[in-house]
Amino acid sequence: MNDIEKRPCSSCLSANGEKIRSWRDEKTVQELTNRLNRIEGQIRGIKRMIEEGVYCDDILNQISSAQSALNGVAKLLLEKHMRFCIKEQIIAGDDKVIDELMNTIFRMMNK
């Protein structure tokens, strides 16, 4: 990892420099947690399907559904990251954060 990838935004640090969550929207945290809990259940279901010898196409459809659900979590998290962390850093004059954001988006697009 380079320095850009390791560097937290100023809103991610407390006054004493410890990492904290960069946004405190408990509704979003709960939504992300609920989505991840459902995805976790989907993954357990896929594992069970494989163990039970369910038809491959049915398993592949469930895998596709789980991937889509994970993409939804990533999109919501990316939105919050852009609206809070990235925006604050740009306002503070830190244009290097744009490189970090581009790297993140490119990684997301290649999956």
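Treat the numbers as computed from the prediction; the structure is a model and nothing was measured. These values consider heavy atoms only, across backbone and side chains, with no hydrogens, waters or symmetry-generated copies. The chain is numbered in sequence order, starting from 1.
When the side chains of ILVMFWY residues are joined at heavy-atom separations under 4.5 Å, either directly or via intervening members, Met102 and Met108 end up in a single hydrophobic cluster. Cluster annotation: Ile91 and Val97 are assigned to distinct hydrophobic clusters (Ile/Leu/Val/Met/Phe/Trp/Tyr, side-chain heavy-atom contacts under 4.5 Å, transitive). Follow the hydrophobic side-chain contacts under 4.5 Å out from Ile63 and you never reach Tyr55; the two are in separate clusters.
From Arg83, atom CZ reaches atom CG of Asp25 across 11.5 Å, with rounding to the nearest 0.5 Å. Atom NZ of Lys80 sits about 10.0 Å away from atom CG of Leu77, to the nearest 0.5 Å. Here CD1 of Ile90 is found 14.5 Å from NZ of Lys96. Values are rounded to the nearest 0.5 Å.
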Under 3.5 Å, sequence neighbours excluded: what are the donor-acceptor pairs made by side chains of residues 32-52?
unit_1: Thr33; atom_1: OG1; unit_2: Val29; atom_2: O; d: 2.8
unit_1: Asn34; atom_1: OD1; unit_2: Gln30; atom_2: NE2; d: 2.9
unit_1: Asn34; atom_1: ND2; unit_2: Gln30; atom_2: O; d: 3.3
unit_1: Arg35; atom_1: NE; unit_2: Glu31; atom_2: OE2; d: 3.4
unit_1: Arg35; atom_1: NH1; unit_2: Gly72; atom_2: O; d: 3.1
unit_1: Arg35; atom_1: NH2; unit_2: Glu31; atom_2: OE2; d: 2.9
unit_1: Asn37; atom_1: ND2; unit_2: Thr33; atom_2: O; d: 3.3
unit_1: Gln42; atom_1: NE2; unit_2: Ser65; atom_2: OG; d: 3.0

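Side-chain atoms of Gln89 come within 3.5 Å of backbone atoms of Cys85 as a donor-acceptor pair (strictly under, hydrogens ignored).
Contacts of Gln67 classified as side chain to side chain donor-acceptor pair (under 3.5 Å), with partners at least two apart in sequence or in another chain: none.
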